[in-house]
Structure formats: structure tokens, C-alpha cells
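This report refers to the structure that appears directly beneath it.
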Amino acid sequence: MLQISFIRKNKKKILLGLKKRNFQRLYLIDEILILDQEKKKIQSFLNKILEQENCITKKIGKYFSEQNGYNDNVDNFKQQCYKLKNEKKKISIQLKKIFLQLQEKLNQVPNIPDEKVNKFSVENDIIFHEKNIYSYVKKNENILTHWELSKKFCLFDLKLGSEICGAGFPVYINQCAKLQRSLIQYFLDQNIQASYQEYNLPYVINEQSGFCTGQIPDKENQMYLIEKDNFYLIPTGEIPLMNCYRNKTLLESHLPIKATTYTSCFRREAGSYGSKVRGLNRLHQFDKVEIIQITTSELSSFSLEEMVFHVKKMLHSLELPFRILRLNATDLSPTSSITYDFEVYSIAQKKWMEVSSVSNCTDFQSNRLKLKYKNYKGKIKYCHTLNGSALAVPRILSTLLENNQSNNKILIPKVLIPYTGFDYIK
RNA sequence: GGAGAGAUGGCAGAGUGGUUAAUUGCGACGGUCUUGAAAACCGUUGAGGAUAUUUCCUCCGGGGGUUCGAAUCCCUCUCUCUCCGCCA
């Protein structure tokens, strides 16, 4: 959510940013500013009434404490209060109505894109491209997809999962199950080594948490709802992790805060179909290790670079061919001001698979979270929040299987062998 | 699931109808003393909003009510703790 004080002072900048996103409802900004003016007017009028009321009540109080009894003046004062009370009630209702309208409109406005982000009409920028992809392509002509490999090596069973629950809930078996667990452990260890603190969190959240990180109302339909208790299954560990810092005022000297968590993620993925959902490409339940940073406005772009570098390093260590894209403005999620997507190339499917997305949400989330910090001068400001996957497990798993296959076995990358305890799958 | 207790500033913890944004302690910040530090002593120290920059308003878990007036009384919701039951 944008701050109202920011909107008041930066109308032009905001409109330009929203146009860049191809956001259609630009009129919202004018409506917000008008409502804000109106709210201010009514608020100060109400304040004056309250002031009068407080003044009279204090006088009555004085009579009671000093003279210990009734007085003609007291009845007079009471009469005055009755009048004010009626007016107060009327105006409070008006104010509340306007406040809610204002809030509702503010909730609809997305974050302003960073200067580096391209317009909606432009292709996503490829800012990094691993060249050794070509050596993989030459290596073998008879390459199997991971679902074909699964049949050959007994890696996972989608049918079994669909009988237990439904499509998109895979069952991993034997060496593949261990490889999956090894990946999670490896990612967590790498993150902890980069001084991210590990959290183990609830997989279920309430509505407030979803609102604070921006999934509600925007992506409400992507989440599973437990109606009986009004809880949602998490679509990403970012939500419970970031909500650990709801309603907090941190000290600048404690920033940046770096945290990581491993969770399963649950997504309804309504409307997905075809090759996109083959095998492990798009699932209703999958595992992901998430990293976040909470920092100041001055340092958030540095944090973003640091996170990108960290993810890059991990992909390198897994020896996977990948590229990094800077998303253009239309592809940004509403909370994000700038996002880098990491894609690994699958030589079997001959396409790029998104395995991580690293975003700077600036103060958009912290405004909803009421997450602030006190700077060295003692002034209180909103934090900047960043989040990224490090990394999404199934797509790393599937591309590892596909890219490391040979006729009768699948090789495990060196860095994972201490975790798996075997150096190939057969 | 049953019974009871509670929710107050960064934290701890008073306050049961009237100058109470709220005693006090800890913490933090500033000062005195000291070569420096500690100790001791003195002082400052919640947030949000509006504004003519001076004042005003709001906030004691959330919402509603009683009253001229609510942290304080009533209703309701949420959460926490204790005891009992059930259970990985």
C-alpha cells in the first residue's frame, strides 16, 4: 500500500509509474486525493467538537472533586454536552465511511516500478546468460523429460498422489525423495551461511497475514481456504516469515534483518493447463526455501543485489545453465517495485523454467505490516522489504534430472553428494 | 472439549468513574564526577493525525454499549496463561 502522504506530494510520479505498468484505473489517484481532503476536513471539524466536549467535561469534573456536589452550572453544562454528543455521532459515522472508502481505493493501487524497470510494451531484459548451456545441448540427442526419466528410474508418482488427494500433489520415492530432502537441506545451509536466520513457521495463515503481505485481496483465489476456521494454506513461506515482523518498530542499528525458511507451498493454480503442468512443472503442493531481508530505503537496492548474487552463486554451484531476467512493469506483482527472475534451461523440454524470483517491495508491504524502524536521528520511518526464492525445489529437481542424465544413470552435482550419500541415481 | 485468570508504553508492572498519556522499576539517551570506564547522582525518554509551529485531537488487545465524563462499569470477539480431559 502506498502512503497517503507520498501520494499527496508525488501525484505526477505515481501516475507515470502506474502508466508504465499499464495500470488502467488511474482515476483512483484523483479519487483518493479528493477523499483525503474530505477526510481531513471532517476530521478537524470533529476534533473541534471533541475539544469543546473535553473542556466542558473537565469543568464538571472540577465541580465534583472540589465542591463535592451539584450546582446549577452542572446541569447547564450537561445540556451543552447532549447537543455535542448528537453532532459527534453523526460526524463520526461520516468519517468512518470516508475512511473505509479511502482504504478500499488505496488497497487497489499497486507499487510504483523502479526506474530500472522497462515499460509494459518492452520484452523482459536478460541481464545475465550462462553460456555453457550449449555444451549440454550437444552432449546427447536422446534426452528424456523428467516424467519419462521417472518411469525409467522410479523417481516420483503423480498418479499415486492424485489418488490420495488430486492432480498436482506428487509422491516422491526412494532416491528422488532423498534428493529432494538434500536440496532443501543444502539450500538452508547455504542461506544460513550467508547469515540468514532460519525460521520454522506455520503453513496456515489468517486473513490479516495475507493482507499484510499483499496476497489478499489480489491473489485470494490462488490460495486454498480452510472455511471452517477461515485460514488459508500458504502459497509461499514469505507470508508467515514476513508477518513475524508485523507491528514492529526496529532500530536502524539492527538492520538489515535477514531470514530464511523452508516450507511447503500450496497453490490452486486455477486456469493452468497443457505442457505447463506436465510432470513437476506446476504443482498444487511443492517445497521452497525462501529468503527475506528487511532494511532501510537507503540500503534496499544494495540488499536486492546481494540477494541476486546469492541465488546466482547457488545455481552456479549446482552447475545448472540459467539466465536472469529483469521483469518489465506489467509482469511485476502489485507489491513489487523491481523483480529479477531466475530461469534454468531444461534441455529435454527445450525451455526455460522459473526457479526463483527476487523482489524489492520497497515500503509497500511494510506500510500494511506497520513495520517501521527508528533511524539514528530518532525519526521513525517505514522499512523496505525484499523477498526471494532460494530456491524452489521441484523445478531444480526436474532440471537436475533432465540435464544430468546419461543412458543408465543420473549424476548428482558434487555439492549435493554429502547430503544425498550417493553420487548417481540408477 | 470443561473450569478459572489475564491482555496497560521498548520491556516489567501500578492504576477499579473526573487535570491520568497514565505512579514506579528496568532499558535507552544526555549531563556531573573520572586519565578512561564502572558505580553513584541529576535530567530526558510512547505512537499516530491535523495545524496558523502553536496548539488541538486520537490511542491502555479488537468492536459495541452505559455515562456529562471510561484504562477503570456492562456486552461481545480475538489472543495468552493455569488446572482438568483427550492426544502425536
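Naming: A, B, ... by sequence-line order, numbering from 1 per chain.
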Q. Does A:Arg8 put a side-chain nitrogen or oxygen below 4.0 Å from OP1 or OP2 of B:A50?
A. yes

Q | Euclidean distance for P, B:C77 against B:U55 (whole angstrom) | A | 45 Å

**Q.** Watson-Crick or G-U wobble mate for B:U32, both contacts under 3.5 Å
**A.** B:A40

Q: Would you kindly give the CG-to-P distance between A:Asn247 and B:G62, to the nearest whole Å?
A: 11 Å

Q: Quick one: look up who B:C59 pairs with, Watson-Crick or G-U, both distances under 3.5 Å, and put none if it's unpaired.
A: B:G46

(Q) Would you call the rings of A:Phe156 and A:His146 parallel, tilted or perpendicular, taking 30° and 60° as the class edges? (A) tilted

Q: With P as the reference atom in both, quote the distance from B:C26 to B:A40 in angstrom, rounded to an integer.
A: 9 Å

Q: Verify the neighbour count for atom CD of A:Gln197: are there more than 12 heavy atoms of other residues, nucleotides or ligands below 6.0 Å?
A: no

Q. Rounding to a whole Å, what distance do you find between A:Tyr82:OH and B:G69:P?
A. 8 Å

(Q) I'd like the P distance from B:U32 over to B:A22, given in whole Å. (A) 29 Å

Q: Specify the separation, in whole Å, of atom NZ of A:Lys89 and atom P of B:G64.
A: 11 Å

Q) So what's B:C81 paired with, Watson-Crick or G-U wobble, going by both distances under 3.5 Å? A) B:G4

(Q) Here's a test of your reading of the structure: between A:Lys85 and A:Leu50, which maps to the more 5' nucleotide of RNA chain B? (A) A:Leu50

Q | Nearest-angstrom distance, P atom, B:U19 to B:C59 | A | 15 Å

Q. Which value, in whole Å, describes the distance between the C1' atoms of nucleotides B:A7 and B:U72?
A. 14 Å

**Q.** Rounded distance in Å - CG (A:Asn367) to P (B:A47)
**A.** 18 Å

Q) Looking only at side-chain N and O atoms, does A:Lys370 come under 4.0 Å of OP1 or OP2 in B:A47? A) no

Q: Just name whichever nucleotide pairs with B:G9, Watson-Crick or G-U, keeping both distances under 3.5 Å, else none.
A: none

Q: Can you label the angle between the A:Tyr224 ring and the A:Phe266 ring as parallel, tilted or perpendicular, going by 30° and 60°?
A: perpendicular

**Q.** Between P of B:G48 and CD1 of A:Ile4, the distance in whole Å
**A.** 17 Å

Q: Count the heavy atoms of every other residue, nucleotide or ligand shown that sit under 6.0 Å from CD of A:Glu298, and state whether that count exceeds 12.
A: yes

Q. Is it the case that more than 12 heavy atoms not belonging to A:Phe422 sit under 6.0 Å from its CZ atom?
A. yes

Q: Let me know the distance between NZ of A:Lys41 and C1' of B:G49, rounded to the nearest Å.
A: 18 Å

Q: Kindly say if A:Asn54 contacts the phosphate of B:C57, meaning a side-chain N or O under 4.0 Å from OP1 or OP2.
A: yes

Q: Provide, to the nearest angstrom, the distance between the CD atom belonging to A:Glu207 and the P atom belonging to B:C77.
A: 19 Å

(Q) Rounding to an integer number of angstrom, what distance separates B:G10 and B:G4 when you compare their C1' atoms? (A) 31 Å

